[in-house]
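Scroll down for the structure; my scribbles are underneath it.
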Amino acid sequence: MEKQQTLLELQNVEKSFNNINVIKKINLKIKKGEIVVIIGPSGSGKSTILRCMNLLENIDSGDIIFENKSLIKNKKNIDKIREKIGMVFQNFNLFENKNIIDNLRLAPIKVKKENFDEVTKRALILLKKVELEDKKFSFPKELSGGQKQRIAIARSLCMNPDILLFDEPTSALDPEMVKEVLDVIKQIAKDGMTMVIVTHEMKFAKEIADRIIFIDDGQIVEENSPDEIFTNPKTKRAKEFFEKML
Ligand SMILES: Nc1ncnc2c1ncn2[C@@H]1O[C@H](COP(=O)(O)OP(=O)(O)OP(=O)(O)O)[C@@H](O)[C@H]1O
Ligand SMILES: [Mg+2]
C-alpha cells in the first residue's frame with residue numbers, strides 16, 4: 001500500500017449512551033503511515049472514537065472502513081479484523097499471571113496460531129526495541145508503570161498490527177516515566193507504523209503528529225498540521241483550549 005492510501009475511515013459515525021449523543025457524525029480518514037493525534041477536553045468523546053475504530057464500541061449509525069472493508073458488514077469476522085488494529089490503554093492491561101515474554105507471545109500463538117519459535121524471536125526483538133530485554137522473565141508486578149507501558153506497546157506490536165491506537169498512554173504514569181514511553185512511541189513512528197494517539201501531552205503531539213484533530217462535544221471542531229493548529233487555530237473553541245494547555 002502507498003502512503004497516501006486510506007487505511008481506516010470513519011463515515012458519519014454516531015454513538016449515543018443513554019440517549020445522549022456523544023459522537024456526532026464523525027468523518028475521518030487515516031492514511032497509511034500517518035500519525036494522527038486526537039486532542040480535546042475531558043468527556044468530549046476521544047476514547048469513544050478510538051473504541052469505535054475497532055468496534056469495541058458498537059456504533060449507532062455510519063460505517064467504519066478498514067483496509068477497504070466495512071466493519072459493520074463484516075461484524076462476524078471482527079475478531080480477525082481486530083488482530084490488525086492494536087490498542088494500547090492508559091492502564092496497560094497486562095496479564096498479571098504471565099511473565100513478560102509470555103505476555104508478548106500469548107496472542108500471536110493462541111489467536112493467530114503462529115509458530116512458537118518465530119513468535120519468540122520476534123518478541124525478543126521487540127523487547128530489545130523497548131529496552132526491556134532483561135525483564136523477559138519478570139512478572140508485570142515487578143515492573144514500574146513506564147516499563148509496563150513499554151511492554152504493553154511491545155505486546156501490541158508482536159501481533160504485527162497494521163495500525164496502533166493509543167488512548168492516553170502516559171496519563172497513568174508518574175512524570176519521570178512519561179518520557180521513556182513517549183520516546184518508544186516516537187521510535188515506532190519512525191518505523192512507519194500508522195497511529196492514532198489520544199494524548200494531553202502537547203509538546204509530544206506537536207513533535208509526532210502529521211495531523212491534529214481537535215474534538216469537542218463529540219464533533220471534530222478543527223483539524224490541521226500541528227504547526228498550524230497550535231500557532232494559528234481557526235476556531236474560538238480550539239484557541240481557548242490550546243491557550244489553557246500550552
Ligand atoms: N460506557 C458508557 N456509558 C455511558 N456513558 C459513557 C460511556 N462511555 C463514555 N460515556 C460518556 O460519553 C462521553 C464521552 O466519553 P469519552 O470517554 O469518550 O471521553 P474522553 O474524551 O475520552 O474523556 P477523557 O479525556 O476524560 O478520557 C462522556 O460524557 C462519557 O460520560
Ligand atoms: Mg478518554
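When a residue number appears, it is its place in the shown sequence, counting from 1. Just so it is clear, the model here is predicted, and its values are computed rather than measured. First listed ligand is number 1; within each ligand, the first listed atom is number 1.
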- [ ] Report the distance from atom CZ of Arg122 to atom CG of Asn160, rounding to the nearest 0.5 Å.
- [x]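 Separation between the atoms: 4.5 Å.
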
Open item on the list: Assess the residue pair Lys80 and Glu83 against the criterion (salt bridge (charged side-chain N to carboxylate O under 4.0 Å, His left out)); give the C-alpha distance rounded to whole Å, side-chain angles, the decisive distance to 0.1 Å, and a yes or no.
Closed with: CA-CA 5 Å; Lys80 201 85 205 136; Glu83 290 173 13; 3.4 Å; yes

For [atom], grab the closest protein heavy atom and report residue, atom and distance to one decimal in Å.
{"atom": "atom 27 (O) of ligand 1", "answer": "Glu168 OE2, 3.5 Å"}
{"atom": "atom 15 (O) of ligand 1", "answer": "Thr48 OG1, 3.7 Å"}
{"atom": "atom 25 (O) of ligand 1", "answer": "Lys46 NZ, 2.7 Å"}
{"atom": "atom 14 (C) of ligand 1", "answer": "Gly43 O, 3.4 Å"}

For ligand 1, which atoms, with element, lie under 4.0 Å from some heavy atom of [X]?
{"X": "Gly45", "result": "14 (C), 16 (P), 18 (O), 19 (O), 20 (P), 21 (O)"}
{"X": "Ser44", "result": "19 (O), 21 (O)"}
{"X": "Val22", "result": "12 (O), 13 (C)"}
{"X": "Ser47", "result": "17 (O), 18 (O), 20 (P), 22 (O), 27 (O)"}

- [ ] Verify the distance test for Ser47 against the Mg ion (ligand 2): any N/O/S atom under 2.8 Å, yes or no.
- [x]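 So Ser47 does bind the Mg ion (ligand 2) by this criterion.
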
Task: contact_flag Glu57 ligand 1 heavy-atom lt 4.0 Å - done: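 No, that is not the case, since the closest heavy atom of the residue is not under 4.0 Å from the ligand.
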
- [ ] For Gly40 and ligand 1, answer yes if some heavy atom of the residue is under 4.0 Å from a ligand atom, otherwise no.
- [x]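 Gly40: no contact with ligand 1 (<4.0 Å).
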
Task: Nearest candidate to atom 26 (O) of ligand 1, where distance is taken over non-hydrogen atoms, out of Pro41, Ser42, Ser16 - done: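 Among Pro41, Ser42, Ser16, the closest heavy atom to atom 26 (O) of ligand 1 belongs to Ser42.
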
Task: Check: Asn74 side chain, Ser70 main-chain N or O, donor-acceptor pair, under 3.5 Å - done: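 It does hold such a pair.
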
Task: N/O donor-acceptor pair under 3.5 Å between Thr170 side chain and Leu173 backbone - done: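 Judged by distance alone, no pair lies under 3.5 Å.
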
Only one of [options] forms a side-chain contact (heavy atoms from CB on, under 4.5 Å) with [X], so which one is it?
{"X": "Ser16", "options": "Asn21, Ile59, Val22", "result": "Asn21"}
{"X": "Ile188", "options": "Ile35, Leu126, Ile153", "result": "Ile153"}
{"X": "Ile213", "options": "Lys46, Glu223, Glu222", "result": "Glu223"}

- [ ] Answer yes or no for Lys244 and Phe241: cation-pi contact, defined as NZ/CZ to six-membered ring centre under 6.0 Å and angle to ring axis within 45°.
- [x]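 Output no; distance or angle outside limits.
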
Open item on the list: Test your reading of the structure: does Phe17 have an N or O sitting under 3.5 Å from an N or O of ligand 1?
Closed with: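 In this structure, Phe17 places no N or O atom under 3.5 Å from an N or O of ligand 1.
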
Open item on the list: Is it true that Lys75 and Asn58 share a donor-acceptor pair across their side chains at a distance under 3.5 Å?
Closed with: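 Yes - a donor-acceptor pair under 3.5 Å links their side chains.
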
TODO: State whether any protein heavy atom lies less than 4.0 Å from atom 31 (O) of ligand 1.
DONE: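 No.
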
